[in-house]
Structures are given as structure tokens and as C-alpha cells.
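Working notes, beginning with the structure itself.
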Amino acid sequence: MSLEILNLAFKKAEKEIGSNKKTHLAQHLSDVLQDDYNYTISERTLRDYYTKIHKGEVGPQDDLKPKLIEPLCQYLGFTNYAEFLKSSEEERSIDAVVVHTPIKKKPNKKWLVALLIILGIGLAIIFLMLDRKPEIKDSETIISANCMTWADSTYVKVTCDKGPYSKYGTEVIPYVESEFKNLKKIQVYLAYDFFNEKGEPLVWYFRNEDKVYEFFSAPGLHPVSGKTLKAVTPYIVQKHVPLHNDQLDSFVE
């Protein structure tokens with residue numbers, strides 16, 4: 001019975017966002033459960049549940065957790081699970097659920113690529129230090145300047161001999177050109193271009209420990225927490241983006 005609730009939730013999500021892609025539906029439900037019902041569950045977990053249901057691979061051990069069932073019932077308009085059980089089949093409006101072709105999501109290897117880049121830069125620095133010629137007086141200066149640190153809204157270049165942390169309180173890391181040029185913390189408002197003509201995201205977000213949403217200009221890892229940034233969705237825009245923004249960008253020069 002609990003899996004029936006999940007079917008209905010996906011069906012309602014499809015009507016709300018106008019998409020029948022399983023990944024989009026699962027991400028929308030994950031956002032709604034987090035923001036409206038303070039229940040955290042990943043898009044991947046919801047998507048896996050949905051796939052198993054429609055492949056007929058579920059058993060009693062796959063029933064949803066009670067803590068998940070309650071917010072799903074509320075999302076569907078019922079006070080609680082008991083009220084859902086008492087409702088009629090017509091009230092639940094369970095039609096044949098269309099099963100879409102599962103989308104195989106490629107593993108996110110961005111963190112691995114970034115790690116390899118950092119390791120490569122580190123090895124290059126060590127090699128230069130060991131192989132440098134005594135007559136090249138500026139070699140130490142060249143090596144020490146090949147680092148960067150996060151300064152509130154953007155990366156800035158710093159020398160590598162500043163220690164593990166900069167004056168901004170953030171970690172000093174090897175310079176990565178793509179991150180230095182592309183990753184910026186941005187101020188957004190409803191008129192901002194969040195998606196391109198194909199509907200693909202142009203903005204990524206992170207919810208910090210104070211439950212404040214931060215927005216960034218590129219995908220990747222959060223420069224302070226190290227956690228993966230999420231692609232913005234229409235739900236996040238509608239729920240957490242202000243109508244106007246009169247503040248100027250405060251990137252450190």
C-alpha cells in the first residue's frame with residue numbers, strides 16, 4: 001500500500017512540473033519533501049524506488065519508511081496515512097501509471113577529475129622544485145604563486161607559501177584555471193536566466209547549515225564545504241529566489 005502512495009506522488013509531480021522524465025520527477029519530489037515537510041531523501045533513492053515498482057522487483061522489505069509515508073500523504077492532500085487508507089479508490093485517483101524508459105545516469109566523475117587535476121599540479125610543482133636550476137632566481141616565486149583561495153564570492157590567486165588557510169579563512173589550494181574563471185557565487189532574482197533555450201540549467205545551488213540558499217554560476221563542488229552543487233530546478237526558483245535584487249555583486253577584485 002505504501003508503494004501506491006509513491007506512485008501517486010510521482011503522478012502529481014508530473015502534473016506540477018510538466019515533465020515525464022523520471023529524474024526530473026524524483027528531483028522535484030526531493031525538493032518538495034525537504035522544503036515543505038523537512039524530510040531529507042535523495043533524488044537517487046526516490047528514483048530507485050520508482051524503477052523497482054514498475055519492474056515488479058519489490059517485496060515486503062521494500063515498503064516505504066513510516067517517516068516518508070506521512071509527508072507523502074500530506075503532499076497528496078491527506079492529513080495522514082490513516083486518512084489515506086480510509087479514502088476510496090476514486091478519491092485516490094489511481095489511474096494506470098505510465099512507465100517511461102529508465103534513464104541511465106552516468107556516474108558523476110567530476111570529483112575524480114578534479115582530484116586528478118590537483119594531484120597532477122602537485123606532482124608538477126614537486127618536480128619543478130627538485131629539478132630547478134640554481135641560476136633561475138625567480139623559480140621559487142613562480143612556483144609559490146600557483147595557488148588560489150575562495151574569497152566570499154570568487155576565487156583569488158595567492159602564493160602557495162601563505163599556509164594551509166588564507167586571510168579569508170578558506171583553504172589555500174592549487175590553481176585550477178577552469179574553477180578560477182567559471183565558479184562564482186552570484187546574486188539572483190526571478191528575472192535571472194536560470195535555463196537556456198533547451199531548458200538546461202545555467203545556475204547551481206547549495207543549501208548551507210543555516211538553511212540559506214547560495215547560487216553559483218557553474219557546476220562542481222562548493223568551495224568551502226566541498227559538497228556537490230545541485231542544478232537549479234523550477235521549484236527551487238519559485239520557492240527560494242526573491243522577486244527583486246538591488247544589491248550589486250560583491251566579487252573580490
Side-chain angles (χ1 to χ4, degrees), residues 1-54 62-87 91-95 97-98 100 103 105 185-192 194-195 199-216 219 222 225 227-245:
M1 182 63 73
S2 64
L3 299 178
E4 185 178 330
I5 297 172
L6 189 63
N7 260 336
L8 282 173
F10 267 86
K11 190 173 181 181
K12 180 177 179 180
E14 182 175 342
K15 293 181 179 179
E16 289 181 342
I17 67 175
S19 172
N20 57 15
K21 291 186 177 180
K22 184 169 51 178
T23 302
H24 294 173
L25 298 175
Q27 184 61 63
H28 177 69
L29 284 177
S30 176
D31 291 338
V32 171
L33 290 172
Q34 174 68 60
D35 294 325
D36 293 351
Y37 304 102
N38 199 30
Y39 184 87
T40 302
I41 184 170
S42 68
E43 170 268 328
R44 180 62 181 269
T45 300
L46 288 169
R47 183 157 47 90
D48 287 346
Y49 265 127
Y50 189 71
T51 300
K52 291 179 71 175
I53 291 172
H54 295 287
D62 294 308
D63 282 345
L64 303 183
K65 296 179 180 180
K67 289 185 178 180
L68 172 58
I69 292 175
E70 291 301 318
L72 283 177
C73 286
Q74 294 172 20
Y75 171 65
L76 293 171
F78 298 96
T79 304
N80 49 41
Y81 187 44
E83 182 177 313
F84 174 82
L85 292 175
K86 292 179 181 178
S87 63
E91 290 173 322
R92 298 174 191 172
S93 300
I94 303 176
D95 299 320
V97 179
V98 178
H100 303 286
I103 300 174
K105 186 177 180 180
K185 184 177 178 182
I186 56 178
Q187 299 291 333
V188 297
Y189 49 96
L190 285 183
Y192 199 90
F194 291 95
F195 307 95
E200 298 168 335
L202 300 175
V203 175
W204 286 260
Y205 73 94
F206 173 76
R207 192 175 81 155
N208 62 29
E209 294 180 353
D210 297 324
K211 298 184 178 181
V212 175
Y213 281 74
E214 302 173 358
F215 297 90
F216 295 84
H222 190 277
S225 72
K227 295 183 178 180
T228 302
L229 301 175
K230 293 183 177 180
V232 75
T233 64
Y235 175 83
I236 291 297
V237 174
Q238 182 180 15
K239 190 79 173 181
H240 299 288
V241 175
L243 179 62
H244 299 290
N245 178 21

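Nothing here was measured: the structure is a model prediction, and the numbers come from that model.
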So Lys52 and Asp48, salt bridge (charged side-chain N to carboxylate O under 4.0 Å, His left out) or not? Walk me through it. CA-CA 6 Å; Lys52 291 179 71 175; Asp48 287 346; over 6 Å; no
Sequence neighbours left out, what passes side-chain contact (heavy atoms from CB on, under 4.5 Å) with Lys86? Give chain and number order. none
Taking ring-ring contact (aromatic ring centres under 6.0 Å, His included) as the test, write out the residues that go with Tyr75, two or more places apart. none
Return the set of residues passing side-chain contact (heavy atoms from CB on, under 4.5 Å) with Glu200 (not counting sequence neighbours), or none when no residue passes. Asn196, Lys198
Those residues that, when tested against Phe215, pass ring-ring contact (aromatic ring centres under 6.0 Å, His included) (two or more places apart): none
Backbone N/O of Asp210 and side chain of Asn208: donor-acceptor pair under 3.5 Å: yes
What pairs meet the salt bridge (Lys or Arg N to Asp or Glu O under 4.0 Å) rule with one or both residues in residues 231-242, with sequence neighbours excluded? Asp36-Lys239
List for me each residue that meets side chain to side chain donor-acceptor pair (under 3.5 Å) alongside Asn80, sequence neighbours excluded, and say none if there are none. none
Qualifying residues under ring-ring contact (aromatic ring centres under 6.0 Å, His included), relative to Tyr213, sequence neighbours excluded: Tyr205, His240
Which pairs of donor and acceptor atoms, one on a side chain in residues 64-74, lie under 3.5 Å apart (sequence neighbours left out)?
none

Inter- and intrachain pairs under ring-ring contact (aromatic ring centres under 6.0 Å, His included), touching residues 3-46, at least two apart: Phe10-Tyr50, His28-Tyr235
Pairing residues for Ser30 by the side chain to side chain donor-acceptor pair (under 3.5 Å) criterion, not counting sequence neighbours: none
Under the rule for side chain to side chain donor-acceptor pair (under 3.5 Å), what residues qualify as partners of Glu209, not counting sequence neighbours? none
